[in-house]
Amino acid sequence: GRVPTAQQLTGDLSSLSSMIYDPLTTASDGSRSPFPGNIIPVSRLDTGTQKFAQYIPAANLAQLINNSNISVSPSAVADSNQTHFRVDHYLRSSDQIFARWSYYDAPNTAPALAPLWGKEYPWTTYNGAIQETHIFGPGTLNEFRFGYSRDNIFQKAITESGTNLAQAVGLKNTVPNAPDGGALPGVTVAGYNISGGSRPTGYISNRFQYSDVLSLTRGSHVIKVGADIRRLQYDVHSSNSPNGDIAFAKIFTTKTVGGSTGGDALADYLLGAFSTATGARTVNSPAFRNSTYNAFVQDEWKVTRRLHLSIGLRYEYAQKAYDVHNKIGIVDFSTGNLVFVRQNPFDPNDTAVNPNVNRALLDPDYNNFAPRFGFSFDAGKDTVIRGGFGIFYDVTQANELNFLGFVPPYQTVISITNSPLAGVPSTYFSGLFPNAGAPNSIDPGTATFSHIASDRTPYVQQFNFNIQKRLFGD
């Protein structure tokens, strides 16, 4: 990787081949004057980026080798422990049961050029199932299954005990406490291997599944009737830029405004002249719950010796997930306003629910019928014709639920962009992040995500048709 040298971090950029220009000398025609000797005066160095510089590892190669001046070999933990159990038990001729249980643990780490730039990836999962098979009589079989799984998966930023590193480098109004806050901000400088801290993210999920399938063999028909119920508990631990994410590019130290001649992203960094900055001042951790109810009937029908039909119908209803804390919201795109489950989202002590909305804020979708049809026909002369059609409904990924909680004031994210067409930046690194707004308002410039209330369950229609003929052989 390539990192700034100790000399460069003092403002002495004389080792760079590119001329560095002073944004404060921007003239009306957009031109700028260079820093004498490519040296930025100490008085012009941003106090925040100077504090962050102490966390940048020192170059340890005398000269650039393949554009690298640092070589490190940190140790990574890539361990995993697995345990599996299975029991099969023959109760009687008409009853059989089996059970299994699995455990997986992986306390992994992902080191970086600097210790505080690394990540930890603790990952623990549990998975179990029980199945009972019962024969009621000739041609009648029932299978009951119960399944459970638990995931505890996180990405953790490396922190220093008792120190809020984001505040230590001068950032204000970031998330104060671990596990969300307290790490270094994420800092990128174009052309250099600088990353800073990582974004904590993860979740704990519990999934329960109950299913029962009854199989009936009656003459030329094999009929299956079944139901499936699933319950999801999904506790989110995910945040956007809780310690700040700041990017620097070659913008304010070029020869002309908006030009590409001269300049260097490192010079912009030393001046604190960032291109974009994003920071969260509040973090939300919703605890989502939902249930899914499914039922089906399927008939495998041997119409004749040559014609087989498969006819079925499945119905699926997926309850829209709600947050047990009721701290979610969406945008009403007809008005441009945010809609919340709570009546007063700005008062954390007021838990009253808005009577005009449902707890999920999304419209239920009750018409998820999925027909299935297939056939196989022996056309003779070693030729078989097959075809099928089906509708298949998707399931909303748990990760998509996060967006319901990524709304202000529950999670407030401020994004600031210094226009590349401006002569000087409007905000410097040491000025991040602006003071919080009033508790009954949402700050200007706040970014948010949103679902659309009328979103229906996604689905696909699949068709297939093929002809198979044996060309050689008996």
Determine which pairs satisfy ring-ring contact (aromatic ring centres under 6.0 Å, His included) with at least one residue from residues 284-309, sequence neighbours left out, and list them in order.
-> H221-W301
K224, NZ: over 12 other non-hydrogen atoms inside 6.0 angstrom | no
Return yes if some donor-acceptor pair links the side-chain N/O of R281 with the main-chain N/O of P434 below 3.5 Å, else return no.
-> yes
Decide if atom NZ of K469 counts as having more than 12 heavy atoms of other residues, nucleotides or ligands within a radius under 6.0 Å.
-> yes
Assign the ring pair Y148 / W101 to parallel, tilted or perpendicular, where the plane angle (0 to 90°) is split at 30° and 60°.
-> parallel
Near F392 CZ, under 6.0 Å, is it more than 12 heavy atoms from other residues, nucleotides or ligands?
-> yes
Could you label the plane-to-plane angle of the Y317 and Y366 rings as parallel, tilted or perpendicular, counting under 30° as parallel and over 60° as perpendicular?
-> parallel
Apply side-chain hydrogen bond (donor to acceptor under 3.5 Å, both in side chains) to the pair Y322 and N290, showing each step before the final yes or no.
-> CA-CA 7 Å; Y322 63 91; N290 88 313; over 6 Å; no
Candidate pair D455 and L362, rule side chain to side chain contact (heavy atoms under 4.5 Å, CB included), full reasoning | CA-CA 7 Å; D455 272 356; L362 305 177; 6.0 Å; no
Mind checking side-chain hydrogen bond (donor to acceptor under 3.5 Å, both in side chains) for N108 and listing every partner two or more places apart, or none if nothing turns up?
-> none
For R342 and H325, indicate whether the former's side chain and the latter's backbone hold a donor-acceptor pair under 3.5 Å.
-> yes
Counting only heavy atoms not in R305, do more than 12 sit closer than 6.0 Å to its CZ atom?
-> no
Got a sec: does the CZ of F463 have more than 12 other heavy atoms crowding it under 6.0 Å?
-> yes
Would you call D378 and R386 a salt bridge, using N to O less than 4.0 angstrom?
-> no
